[in-house]
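Naming: A, B, ... by sequence-line order, numbering from 1 per chain.
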2 protein chains.
Amino acid sequence: MENLRELFQVMTRRFGFLNKNCCSTGGYDISLVQSHILYEIDKQHKPSMQQIAETLGTDITTFSRQVQSLIKMNLVKKTPDPDDKRVSILSLTTEGVYIAESIDQQMNEYLNEVFSHMNEFERETVIRSIKLLNESMAKSSKCCNPLE
Amino acid sequence: MENLRELFQVMTRRFGFLNKNCCSTGGYDISLVQSHILYEIDKQHKPSMQQIAETLGTDITTFSRQVQSLIKMNLVKKTPDPDDKRVSILSLTTEGVYIAESIDQQMNEYLNEVFSHMNEFERETVIRSIKLLNESMAKSSKCCNPLE
DNA sequence: ATCTAATACTTGCAAATTACAAGTAAAAAA
DNA sequence: TTTTTTACTTGTAATTTGCAAGTATTAGAT
């Protein structure tokens, strides 16, 4: 059995580089963390602060401030939950949606370029593998969860 | 064609969590960045500061300071290059090697646990896929390199 | 051989990011 | 109704980051 860690160390580092570049699309200068926040707000249905913070494994106080700056940039909106006045529902503004989509597009472009170095069979195998990996990490009790 | 980005977003986030936990082995409290530095110093042959900083895509000034703190922790050693007095050669101390190995072991343990949710065939497929992915990213001109 | 330019690194800032502690306000439980 | 819990915000302080500017050494140009 070879050294698994080696493989994953290289992979995650490379993806780190990819993510770094991705985010300054559309004139805005978005940090990596912020791009993850935009992504999750877009993905989840009427999410609260807590929900997103937990998904991303970010401390809620840090998250609170990150959201504040996204609001200042006019990318995110906070709406009080009518059923529970403690809760703030997060959503993207029109600009937020635009930025989120720009980043998404940019990322997919990069990824497609990476996959262009493979043939159709390899491509499908790799995609299936990533899915499998995600499922296995989700099952794992020891790691990969934002627990603490 | 499905949304590639979705897949990778989830994967990298999960690996982020994994990496976060990994590093506080052996009594020392090592940050993620520092663990990457230890890893690369161990891997490369008599590397200079520049070399490691470039591999990791870190700004050299930031890197300089990170190395300073690793030296203070007695995990890393700097030796002046006899052929070029500007250059510092980095190496791990005995403790550094120990810590690097602890982290490596810990990571492999986590990864093995993740892979334990797959059968032998799946496992091999996934590993082969990651390799392929790494190669493709290396080939890519557009992304995944520490360029700026 | 000497002067200039490039390289390898270090320090001075200042900005951004982080998390713990302590706070407010609202809802749920006792 | 009182107490506890939950959702979130702010104070503060530590850490991390990178640009600008510095030193020292080597390589290149004349």
Side-chain angles (χ1 to χ4, degrees), chain A residues 13 16-17 19-21 23-24 28-38 40-41 44 46-73 75-91 146-148, chain B residues 13 16-17 19-21 23-24 28-38 40-41 44 46-73 75-91 146-148:
Chain A
R13 185 182 308 149
F17 292 143
N19 273 302
K20 249 188 208 164
N21 300 342
C23 308
S24 35
Y28 286 78
D29 210 18
I30 302 289
S31 78
L32 181 56
V33 203
Q34 290 173 337
S35 86
H36 274 259
I37 295 176
L38 293 183
E40 274 305 318
I41 294 180
Q44 295 189 24
K46 288 179 179 293
S48 71
M49 303 265 296
Q50 291 285 347
Q51 272 167 32
I52 304 282
E54 204 186 303
T55 310
L56 299 177
T58 319
D59 186 277
I60 184 71
T61 70
T62 306
F63 185 76
S64 174
R65 276 183 252 256
Q66 286 286 3
V67 168
Q68 279 170 34
S69 59
L70 286 170
I71 289 175
K72 226 175 262 163
M73 290 186 215
L75 301 178
V76 167
K77 223 174 13 190
K78 245 195 292 196
T79 320
D81 185 333
D83 299 333
D84 186 338
K85 286 176 195 163
R86 292 169 304 178
V87 177
S88 290
I89 303 290
L90 297 172
S91 59
L147 87 174
E148 63 274 70
Chain B
R13 185 183 308 151
F17 292 142
N19 273 303
K20 249 186 207 166
N21 300 341
C23 306
S24 35
Y28 286 76
D29 210 18
I30 304 288
S31 78
L32 181 57
V33 204
Q34 290 172 336
S35 86
H36 274 258
I37 295 176
L38 293 182
E40 273 308 317
I41 294 180
Q44 294 189 25
K46 287 181 179 294
S48 72
M49 303 263 297
Q50 290 285 348
Q51 271 167 34
I52 304 282
E54 204 187 304
T55 311
L56 298 177
T58 319
D59 185 277
I60 184 70
T61 70
T62 305
F63 185 76
S64 173
R65 278 183 253 255
Q66 286 285 4
V67 167
Q68 279 170 34
S69 59
L70 285 170
I71 289 175
K72 227 175 261 165
M73 290 188 218
L75 300 178
V76 166
K77 224 173 16 193
K78 244 195 295 196
T79 320
D81 185 333
D83 300 335
D84 187 336
K85 287 176 196 163
R86 292 169 302 177
V87 177
S88 290
I89 304 290
L90 297 173
S91 59
L147 87 173
E148 69 280 62

OP1 or OP2 of [N] versus the side-chain N and O atoms of [X]: is any pair under 4.0 Å?
X: A:Thr62; N: C:dT17; answer: no
X: B:Thr61; N: D:dG18; answer: no
X: A:Gln51; N: D:dA7; answer: no
X: A:Gln66; N: C:dT18; answer: yes
X: A:Gln68; N: D:dT10; answer: yes

Are A:Glu54 and A:Gln50 close enough that a side-chain donor and a side-chain acceptor fall under 3.5 Å?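 On atom types as modelled, these side chains do not qualify, holding no pair under 3.5 Å.
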
A:Thr55 and A:Gln44: side-chain donor and acceptor closer than 3.5 Å? yes

Length of the CD1-C1' vector between B:Ile37 and D:dT17, whole Å: 13 Å

Interatomic distance, B:Asp59 CG vs D:dA21 P [rounded to whole Å]: 15 Å

Residue [X], side-chain heavy atoms: nucleotide from [options] that is nearest:
X: B:Ser48; options: D:dT16, C:dC9, C:dA19; answer: C:dC9
X: B:Lys78; options: D:dG11, D:dC8, C:dC9; answer: C:dC9
X: A:Val33; options: C:dT18, C:dA26, D:dC19; answer: C:dT18
X: A:Gln50; options: D:dA7, D:dG18, D:dT9; answer: D:dA7

